[in-house]
Amino acid sequence: MRDRHDGRVTKDGIRIHERADFAGMHKAGRLAAEILDEIAPLIEPGVTTGRINEAIHARVDAAGAKSATVGYRGYQHASCISVNHVVCHGIPGDKALKDGDILNVDVTVIVDGWFGDTSRMYVAGKLSRKAERLIQVTHDALMIGIEQVKPGNTFGDIGAAIQRYAEGQRMSVVRDFCGHGLGRVFHAPPNVLHYGRPGTGPVLEEGMFFTIEPMVNLGRPETKVLADDWTAVTRDKSLSAQFEHSVGVTAEGCEIFTLSPAGRFHPTWG
Ligand code: MF3
Ligand code: CO
Ligand code: CO
């Protein structure tokens, strides 16, 4: 199939990008990752999530980029900030962080029309042992999923690897939210599930761009969305963590567009 960008789209609706498009994704991904590096020193007990979001918004503006989330389906903020039992899509506000809170900050920027989407975990103050374990398992689950990204593997291989690992650590994988194709758009086919069976789903091809963004809970996997229509929380109020990278499939494997330039992707690094 051909379309207005004169590229190919698979039968599953997944766009196959050109080699030159990787550079655009690296630029967008790098800015998103740099912003997550730069807010790290801000995160401490007493700071509000709204203040963290303001710093992110200012940095997006200063870079001459655009936030993909401002105005997205009525969302008003330049980030999602999800604290403790919030699974994803936490709305920044005037609540102050407390010692020991863990949080995911998710930023998506648009640079020259390309979308860079990444999130990672932070801690305010002292990291508890159980939160540290959850964060480590969630980070490792993402990287184990990324190891499956190469032509010929399937999206089911990615999900199965993540699920097997997280459940093997006696934690659960959220089913209600998934990763997604992206590129010159924010959310495109396919849905990138973080669970599933090996060998199922679309086959990966060079030039596919998508996110992997597993959410892992210490308790049960079920979630519910609060009355604000955004904030997703664990039904059993157990602690939840998430990491997200944007990746592109190459002939050999994949390139990660959202690597941390400062090497700070994990809260216990740097
Ligand atoms: N960045 C999120 C993702 O990983 C999407 C956030 S949409 C918003 O797909 F509207 F909630 F910001
Ligand atoms: Co995403
Ligand atoms: Co995101």
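Hydrogens, waters and symmetry mates are skipped; everything else that's a heavy atom, side chains included, is used. Just so you know, ligand 1 is whichever comes first in the structure, and atom 1 is the first atom listed for that ligand.
For ligand 1, none of its N or O atoms has an N or O atom of Tyr72 under 3.5 Å away. Taking distance alone, with nitrogen or oxygen atoms compared against 3.5 Å, Asp106 approaches ligand 1 more closely than that limit. For ligand 1, none of its N or O atoms has an N or O atom of Trp230 under 3.5 Å away.
The Co ion (ligand 2) has no N, O or S atom of His187 under 2.8 Å away, backbone or side chain.
In this structure, a donor-acceptor pair under 3.5 Å is absent between the side chains of Ser238 and Asn217. At a cut-off of 3.5 Å, with distance as the only test, no side-chain donor of Thr48 or Asp94 sits close to an acceptor on the other residue. Side-chain N/O atoms of Thr250 and Glu252 include no donor and acceptor closer than 3.5 Å. Using modelled atom types and a 3.5 Å distance limit, the side chains of His187 and Tyr72 yield a donor-acceptor pair. A donor-acceptor contact under 3.5 angstrom links the side chains of His180 and Asp117, judged on distance only.
Using a 4.0 Å cut-off between heavy atoms, Glu244 contacts ligand 1 through its side chain alone, with no backbone atom that close. The proximity of His77 to ligand 1, defined as any non-hydrogen pair under 4.0 Å, does not occur for either the backbone or the side chain.
With respect to the Co ion (ligand 2), Glu213 has OE2 as its nearest N, O or S atom. Nearest N, O or S atom of His180 to the Co ion (ligand 2): atom NE2.
Within ligand 1, the atoms closer than 4.0 Å to a non-hydrogen atom of Cys80 are 6 (C), 8 (C), 11 (F), 12 (F), numbered from 1 in the order shown. Short contacts between ligand 1 and His180, defined as distances under 4.0 Å to a heavy atom of the residue, involve ligand atoms 3 (C), 4 (O), 9 (O). Atoms of ligand 1 found under 4.0 Å from any heavy atom of Thr108, numbered from 1 in the order shown, are 1 (N).
No more than 12 heavy atoms of other residues, nucleotides or ligands lie within 6.0 Å of CG in Asn191, so this atom counts as exposed by the packing criterion.
When atom types are taken as modelled, the side chain of Asp106 and the backbone of His89 share no donor-acceptor pair closer than 3.5 angstrom.
The Co ion (ligand 3) forms the vertex of an angle spanning OD1 of Asp117 and OE1 of Glu244; to the nearest 10 degrees it equals 90°.
Of all the listed residues (Glu213, Gln76, His187), Glu213 holds the heavy atom that lies closest to atom 4 (O) of ligand 1. Residue nearest to atom 3 (C) of ligand 1, selected from Val107, Thr231, Asp117, Leu182: Asp117 (by heavy-atom distance).
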Show the numbers, then the answer: is there a salt bridge (Lys or Arg N to Asp or Glu O under 4.0 Å) between Lys27 and Glu34?
CA-CA 11 Å; Lys27 208 168 154 196; Glu34 260 167 22; over 6 Å; no
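A cation-pi contact, defined as under 6.0 Å to the ring centre and within 45° of the axis, links Arg175 to Tyr195.
Annotation: Phe177 is not in aromatic contact with His194 [ring centroid separation under 6.0 Å not met].
Closest to atom 12 (F) of ligand 1 among all protein heavy atoms lies Thr69 CG2, 3.0 Å. Regarding atom 5 (C) of ligand 1, its nearest protein heavy-atom neighbour is Phe186 CZ, 3.7 Å.
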